[in-house]
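Written out below as structure tokens is the structure these notes cover.
These numbers come from the heavy atoms of this one structure, side chains and all, not from hydrogens, waters or symmetry mates. These figures come from a predicted structure and were not determined experimentally.
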Amino acid sequence: MSGIKHDGITRRAFLKGAAAASAGLMVSSLPGVLHAAAAPKPGGTFKITVAREIKSLNPLRHVNIAEYMQGELMYSGLTKLNADMNAVGDLAESWESKDAVTWRFNLRKGVTFHNGKPLTAADVVATMRKLLDPATASPGMKNIGPVAAVEAEGSHVVKVTTSSPYSFLPKALSYPCFKVLPEEVVNGDFDAAGSKDFGSGPFRLKEYVAGSHLIVEKNPDYFIPGRPYLNEVHVLYFPDPLAEINALLTGQVDMVNEVNPAQIGRLEKNKDVTVMHAKSGRFVNTVFDCQAAPFSDPRVRKALTLSMDREAALLMALEGYGSIGNDTPISPAYPFYHEMPQRQQDMAAAAKLLQEAGIKKGTKLQLDIAVSPAVRGKLGIVIQQAAKELGLNVELKQFDYSTYLDTIWLKSPYYVGFYNMQSSEDACFQLLYTSTSPWNETRWNNATFDKLVIDARAELNEDKQRKLYADIQEMMYEEVPTCIPLFLDLTCALTPNIHDYRMVPRGTYWHLENVWKS
């Protein structure tokens with residue numbers, strides 16, 4: 001394995017990922033980094049808005065941005081991702097593998113849960129086994145890698161064995177659902193974690209009101225000396241994007257986690273606000289159920305995709321704050337991005353494909369859309385207008401976000417999706433597009449694709465791995481199980497007295513233990 005590089009370092013160095021000092025490491029040359037000119041000042045309350053509701057405090061059941069934030073504030077995992085998308089240690093002080101099959105994670109010593117109980121390898125093992133149990137129904141079950149077995153070797157070493165060579169494991173274990181709970185909670189009253197605090201993270205639960213807010217306070221026994229700096233963090237639910245912008249401008253809050261692109265220009269003109277951007281692999285897509293007519297016909301999927309005016313979509317849906325996609329979920333932010341001819345709008349070719357598929361003019365299609373984030377609805381209008389030129393009648397039906405999650409997501413045959421960047425290409429494909437994916441919304445179920453994904457995750461030769469990922473992306477490009485026209489920049493807005501906040505391109509890490517307020 002020597003000489004094979006991964007994320008700019010050798011594969012061997014990656015597999016021996018020394019993580020002891022990484023939790024506090026700050027990379028100063030990255031975009032999306034807010035620097036401080038002075039030494040950190042302890043104290044203060046940090047108020048941040050989120051556009052989605054925290055429905056459960058149990059990290060193993062988390063599914064949205066607000067919940068991931070709560071999980072990171074109150075809990076710890078084995079690893080995290082830093083601002084340049086490398087795996088760094090959280091509870092794991094270091095890790096090592098000689099064959100990318102048998103891994104040993106060395107835990108920090110002296111870590112305690114918020115209830116005072118010392119954390120040991122038994123807690124990590126119990127949590128991982130719980131997450132992997134289908135009965136738990138955790139969204140992270142399929143996303144922490146091909147874990148075959150996990151066991152404790154003494155009190156502070158966790159041995160993880162994968163079913164095949166998997167060099168992405170440290171990154172995969174950073175999945176936001178994998179946060180460690182005490183063994184007695186995991187094997188006892190597990191449901192209590194939905195409303196109570198059993199974490200070891202930088203902040204402890206102070207108050208939680210579903211549909212309103214979360215308040216956490218500084219954990220004085222956090223395992224990183226001197227952190228966190230903040231006394232409290234308030235996570236406030238703002239379903240109305242205009243209301244949260246006004247809350248920022250009037251000083252009611254310190255940060256808007258996700259800024260509607262339509263508001264960016266307004267905020268950038270305000271001297272009392274700092275707007276931060278970072279390129280990402282976050283995307284908005286049109287989801288086709290490949291087993292439901294008419295989307296079971298690839299000609300229909302390709303026709304709808306070819307009708308898309310992507311430049312218009314970028315301007316209308318994102319105000320230009322993003323980049324054009326090419327119908328695969330892999331953006332240039334991923335190391336194995338494969339460049340292909342950019343798909344352009346071609347109405348003549350689209351009309352021909354619909355005719356060949358027997359789709360008559362006037363055919364009605366219902367496109368389901370969540371009202372949040374607003375980019376979904378704007379993209380829906382672009383899709384509707386393009387379809388109209390083809391003679392199709394696309395009806396846009398909007399749902400509040402909670403209803404969308406309960407009745408549309410993973411169920412509707414035609415809807416607008418929205419997904420974060422994942423820790424690796426493998427994590428993205430395994431989450432959404434293989435036949436066994438937990439979020440297999442397209443139901444494409446392509447056996448050849450599945451095999452390529454499995455082969456790519458097991459391949460240790462980087463050149464061969466890159467070729468496999470190129471084949472995977474080309475297959476998606478040709479068969480179009482989903483239309484991915486846009487990648488979104490990550491954009492947040494803060495007051496100038498907030499310091500040392502880092503934007504992670506993955507979009508599901510905040511490292512708020514490092515933030516301080518002047």
Side-chain angles (χ1 to χ4, degrees), residues 32 34 44-55 62-73 203 206-216 230 232-278 280 282 284 317-322 369-379 398-405 416 418 420 488-499 501-504 507-510 512 515 517:
L34 188 65
T45 296
F46 181 50
K47 297 180 180 180
I48 181 170
T49 68
V50 292
R52 295 167 183 80
E53 181 181 354
I54 299 173
K55 288 192 170 185
H62 285 170
V63 297
N64 67 46
I65 292 293
E67 292 175 340
Y68 295 156
M69 182 183 293
Q70 173 260 312
E72 185 185 67
L73 287 168
F203 295 91
K206 182 175 181 180
E207 182 176 289
Y208 165 57
V209 178
S212 175
H213 64 269
L214 170 82
I215 299 177
V216 294
L230 298 164
E232 289 189 359
V233 176
H234 296 194
V235 181
L236 309 174
Y237 174 47
F238 272 75
D240 182 349
L242 288 178
E244 66 177 344
I245 292 298
N246 288 332
L248 178 70
L249 295 177
T250 56
Q252 299 176 58
V253 302
D254 302 298
M255 175 175 166
V256 174
N257 183 57
E258 298 176 277
V259 177
N260 185 325
Q263 299 297 322
I264 293 175
R266 173 190 177 192
L267 291 175
E268 288 181 331
K269 295 176 183 177
N270 192 310
K271 64 181 178 58
D272 296 322
V273 173
T274 300
V275 179
M276 297 175 63
H277 301 278
S280 178
R282 178 180 291 189
V284 61
L318 297 178
E319 305 285 333
Y321 294 101
I369 299 172
V371 296
S372 176
V375 62
R376 298 188 200 237
K378 293 180 179 180
L379 180 62
Q398 292 196 331
F399 301 83
D400 66 79
Y401 187 70
S402 294
T403 303
Y404 165 84
L405 283 180
V416 176
F418 182 94
N420 291 307
L488 292 75
D489 290 350
L490 296 183
T491 305
C492 69
L494 310 89
T495 53
N497 62 336
I498 301 301
H499 306 280
Y501 176 66
R502 269 74 177 167
M503 297 186 76
V504 179
T508 57
Y509 302 89
W510 295 266
L512 294 183
V515 170
K517 189 175 183 180

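Tyr208 and Leu214 get closest at one heavy-atom pair: CB-CD1, 4.1 Å. In plain terms, the two heavy atoms of Cys492 and Tyr501 that are nearest each other are SG-CE2, 3.8 Å. For Val273 against Leu248, the heavy-atom pair with the smallest separation is CG1-CD2, 4.1 Å. The minimum heavy-atom distance between Gly507 and Asn420, with the atom names listed, is O-OD1, 4.5 Å. Shown here for Ala51 and Tyr237, the closest heavy-atom pair between the two residues is O-CE1, 3.5 Å. Arg282 and Ser280 make their closest contact through N-OG, 3.1 Å (heavy atoms, listed as atom of the first residue, atom of the second, distance).
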Do Val256 and Gln263 pass the side-chain contact (heavy atoms from CB on, under 4.5 Å) test, and can you show the C-alpha distance, the side-chain angles, and the key distance before you say yes or no? CA-CA 11 Å; Val256 174; Gln263 299 297 322; over 6 Å; no
Give the C-alpha distance, both sets of side-chain angles, the deciding distance and a yes or no for side-chain contact (heavy atoms from CB on, under 4.5 Å) between Ile264 and Glu319. CA-CA 9 Å; Ile264 293 175; Glu319 305 285 333; over 6 Å; no
Verdict with supporting geometry, Glu268 and His277, side-chain contact (heavy atoms from CB on, under 4.5 Å): CA-CA 11 Å; Glu268 288 181 331; His277 301 278; 3.0 Å; yes
Run the side-chain contact (heavy atoms from CB on, under 4.5 Å) check on Asn257 and Trp510 step by step: do they pass? CA-CA 10 Å; Asn257 183 57; Trp510 295 266; 2.9 Å; yes
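No side-chain donor-acceptor contact under 3.5 Å links Asp489 and Thr491. Glu72 and His62 share no side-chain donor-acceptor pair at under 3.5 Å.
Taking 4.5 Å as the limit, every side-chain heavy atom of Lys47 sits out of range of all side-chain heavy atoms of Thr495. A heavy-atom distance below 4.5 Å is not found between the side chains of Met69 and Arg52. Leu488 has its side chain within reach of Val375: a pair of non-hydrogen atoms, C-beta onward, lies under 4.5 Å apart. Residues Glu232 and Ile215 have side chains in contact (heavy-atom distance under 4.5 Å, counting atoms from C-beta outward). At least one side-chain heavy atom of Thr508 sits under 4.5 Å from a side-chain heavy atom of Ile65. Inter-residue side-chain proximity for Val259 and Tyr321 is flagged as unmet; no heavy-atom pair is nearer than 4.5 Å.
For residues 247-256, the side chain to side chain donor-acceptor pair (under 3.5 Å) pairs, not counting sequence neighbours, are Thr250-Gln252, Asp254-Lys517.
Atom NE2 of residue His234 and atom CD1 of residue Ile48 lie 12.5 Å apart, to the nearest 0.5 angstrom. One distance of note links CD1 of Ile245 with CG of Leu267; it measures 4.5 Å at 0.5 Å rounding. The CG atom of Leu494 sits 5.0 Å away from atom CE of Met255, with the distance rounded to the nearest 0.5 Å. To the nearest 0.5 Å, atom CG of residue Leu318 and atom CG of residue Leu379 are 8.5 Å apart. The distance from atom CZ of Phe399 to atom OG of Ser372, rounded to the nearest 0.5 Å, is 15.0 Å. Taken from CD1 in Ile369 to NZ in Lys378, the straight-line distance is 13.0 Å, to the nearest 0.5 Å.
For Arg376, the salt bridge (Lys or Arg N to Asp or Glu O under 4.0 Å) criterion is met by no residue, not counting sequence neighbours.
In terms of modelled atom types and a separation under 3.5 Å, the side chain of Glu53 and the main chain of Gly211 share a donor-acceptor contact. At distances below 3.5 Å, at least one donor-acceptor pair connects side-chain atoms of Glu67 with backbone N or O atoms of Lys55.
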